[in-house]
Amino acid sequence: MTHDHEHDHTHDEHIVTLVDENGEEQDFEIIMTMEMEDQEYAILLPVDADEDEDAYIFRMEQDPNDEEQVMLVAVEDDDEFEQVAAAYETMLDEMETEES
């Protein structure tokens with residue numbers, strides 16, 4: 001999914017509907033947001049995801065046309081993606097350690 005996407009506030013607050021490059025809609029749950037280097041990211045999982053399905057990482061940006069809206073933008077830079085993915089994995093590991 002490589003296009004900019006906006007939140008769809010007609011669903012539950014933690015569910016967003018994204019439209020892929022083929023025009024197909026899919027519901028995702030925002031499982032976590034995190035800030036890194038003054039940029040905020042959203043970690044999403046498809047609502048119907050299997051237990052071992054990978055999460056999607058999107059950068060959260062202010063909609064230039066509507067300051068009350070936040071756009072979810074696919075992270076296309078490999079270095080940026082790897083940094084956010086590593087931070088997310090570290091957070092997951094820390095949460096698992098706390099639970100045990």
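What's counted below: heavy atoms across the whole structure, side chains too, no hydrogens, waters or symmetry copies. These numbers were taken from a predicted model, which means no experiment stands behind them.
For E25, the side-chain contact (heavy atoms from CB on, under 4.5 Å) criterion is met by T17, V19, not counting sequence neighbours. With sequence neighbours excluded, no residue satisfies salt bridge (charged side-chain N to carboxylate O under 4.0 Å, His left out) with E89.
Here Q83 contributes atom CD and D78 contributes atom CG; the two are 11.5 Å apart, rounded to the nearest 0.5 Å.
The number of heavy atoms from other shown groups lying within 6.0 Å of CD (E53) is above 12. Atom CG of D77 is surrounded by more than 12 heavy atoms from other residues, nucleotides or ligands within 6.0 Å.
A donor-acceptor distance shorter than 3.5 angstrom exists from the side chain of D63 to the backbone of N65, with no hydrogens or angles considered.
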Identify each donor-acceptor pair in which a side-chain atom of residues 28-50 lies under 3.5 Å from a protein atom, sequence neighbours left out, and give them as a table.
{"from": "Q39", "atom 1": "NE2", "to": "M60", "atom 2": "O", "distance (Å)": "2.9"}
{"from": "Y41", "atom 1": "OH", "to": "E80", "atom 2": "OE2", "distance (Å)": "2.6"}

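Grouping the Ile, Leu, Val, Met, Phe, Trp and Tyr side chains by contacts below 4.5 angstrom, directly or via other members, places L18 with V70. When the side chains of ILVMFWY residues are joined at heavy-atom separations under 4.5 Å, either directly or via intervening members, L92 and F58 end up in two distinct hydrophobic clusters.
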